[in-house]
Amino acid sequence: MYRNKYFKDIVVHAAFLCLGIVLLVLQLLNIQVPSPTLAIQALFGPAGKLLADLLS
């Protein structure tokens, strides 16, 4: 990948790898990590309500 200059792919892969390692270490240290569904609900909840109001 380095020779073909896929730098964006390398950066994204490294970011996800680092995120996974951080989450693993937090879990091993018994630190409570909030569920990702809470963040998804916070982001898309207002948009869903707006769309429901527009369609009804």
>> Test of understanding: clusters of I, L, V, M, F, W, Y form through side-chain heavy atoms closer than 4.5 Å, transitively. Do Leu24 and Ile31 belong to the same one?
In response: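 Per the 4.5 Å side-chain linkage, Leu24 and Ile31 are not co-clustered.
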
> Leu29 and Val22: same hydrophobic cluster, using ILVMFWY side-chain contacts below 4.5 Å?
Replying inline: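 Per the 4.5 Å side-chain linkage, Leu29 and Val22 are co-clustered.
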
Report the distance from atom [atom1] of [X] to atom [atom2] of [Y], rounding to the nearest 0.5 Å.
X     : Y     : atom1 : atom2 : value
Leu23 : Leu28 : CG    : CG    : 11.0 Å
Leu26 : Ile21 : CG    : CD1   : 12.0 Å
Leu55 : Leu50 : CG    : CG    : 9.5 Å
Ile40 : Ser35 : CD1   : OG    : 8.0 Å

>> Can you give me the closest heavy-atom contact between Pro34 and Leu38, atom names plus distance?
In response: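 Residues Pro34 and Leu38, closest heavy atoms: CB-CD1, 4.5 Å.
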
